[in-house]
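Heavy-atom basis, side chains included; hydrogens, waters and symmetry copies ignored.
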Amino acid sequence: MPPRILAYSATAGFRHDSIEASIEALKAKESALDVKFDFTEDKSKFTDENLSQYDAILFLNNSGIVLDDTGKVALQNYFNLGGNFLAIHCAADALRDTPFFGRQIGAYFDYHPEIQESAVDVLDKTHPSTVMLPDKWRLLDEMYNFESDPRAVGAKVLLTADESSYQDPQAKEKTLHHGSPHPIAWYQERGAGVESHGIAGRSWFTGLGHCIEIWSDDLFLGHVMGGIKWVLQSKTTKAFNANGNVGNAS
């Protein structure tokens, strides 16, 4: 059986009009990835029993408080059992009341300048989510600023925003806390949202993914697909480890 991923796109705040395009794009990549996505916006799916089927959970452009207390407990339990995590763009603006989620994602969103053509620099060309990218990748997207430095929880930064390539008038008025160079995508070999007694799975985040158009861009899709492949190879779930505690058993 292929690995299963629960893709959760519920919103309780701003809703990106690219969510539907992202779902269609990911559906089209199921066979290439050899995975099975289950797409939902139903928070009642976050129970211990249901999450135990999945090798990874993907938060897809969520915003606001998109889980109730029962769902938050189930998500923490899933991470403690070695479950893997992926998050895209506005997911960094979700569950701000849930510290373990903030650690698992790496950093919460602060603000972004107007969408404009920008450039990102690739710091690590060896990772499966960046190996296909040019050293300097030019694209139309939002360059997120973050409330903290994901490196502080152990994240390894993959992509950084080239701040000289776009205009951010607010930057002069704000104290930015995300460190330098400016992180825009990163990974955690051991997700920092796991409790001390738990088994840490992998975590991967990209701050890109705002526009409808980017979900038909081959480089961006390669970036996301590489993140998915990397997360699933953590060996903490049943996708690659028969002794895993969660995941889709073969």
Aromatic centroids of F109 and H89 separated by under 6.0 Å: no

Sequence neighbours excluded - salt bridge (charged side-chain N to carboxylate O under 4.0 Å, His left out) pairs with any residue from residues 209-230: none

Within 45° cone of W186 ring axis and under 6.0 Å: R151 NZ or CZ: no

Test item: L86 and L60 side chains (from C-beta on) under 4.5 Å apart, heavy atoms: no

Candidates D124, T206, L158, V224 - the one meeting side chain to side chain contact (heavy atoms under 4.5 Å, CB included) with S129: L158

4.5 Å side-chain heavy-atom contact, L139 and I214: yes

Pair R15 + E20: basic N to acidic O under 4.0 Å: yes

Beyond-backbone contact of W230 with E189, side-chain heavy atoms, under 4.5 angstrom: yes

Donor-acceptor contact present, side-chain N62 to main-chain A10, <3.5 Å: yes

Parallel, tilted or perpendicular: ring planes of F14 versus H16, cut at 30 and 60 degrees: perpendicular

H127/Y187 aromatic ring centres below 6.0 Å: yes

pair N245-K238: side-chain heavy atoms closer than 4.5 Å: no

SB check E195 R103 (cutoff 4.0 Å): no

R4/D55 ion pair, N-O < 4.0 Å: no

Salt bridge (charged side-chain N to carboxylate O under 4.0 Å, His left out) partners of K36, counting only residues at least two apart: D38

Check: F79 ring centre within less than 6.0 Å of F85 ring centre: yes

Check: F146 and I184 side chains under 4.5 Å, non-hydrogen atoms: yes

Side-chain heavy-atom pair T40, L6 within 4.5 angstrom cut-off: yes

Residues K125 and D135 bridged, charged N to O under 4.0 Å: yes

Between F46 and Y8, ring centroids under 6.0 Å: yes

Closest non-hydrogen atom pair between T237 and G83, with its separation: CG2-CA, 4.1 Å

Heavy-atom closest pair, residues A12 and V66: N-CG1, 3.8 Å

By side chain to side chain contact (heavy atoms under 4.5 Å, CB included) - contacts of D68 (at least two apart): K43, T70

Q104 vs S203, side-chain hydrogen bond (donor to acceptor under 3.5 Å, both in side chains): CA-CA, chis, key distance, verdict: CA-CA 7 Å; Q104 188 76 7; S203 173; 4.5 Å; no

Side chain proximity check, M143 to V120, heavy atoms < 4.5 angstrom: yes

Positive for side chain to side chain contact (heavy atoms under 4.5 Å, CB included) with R202, one of K235, Q188, Q233: Q233

Side chains of T236 and N241 in contact at under 4.5 Å (non-hydrogen atoms): no

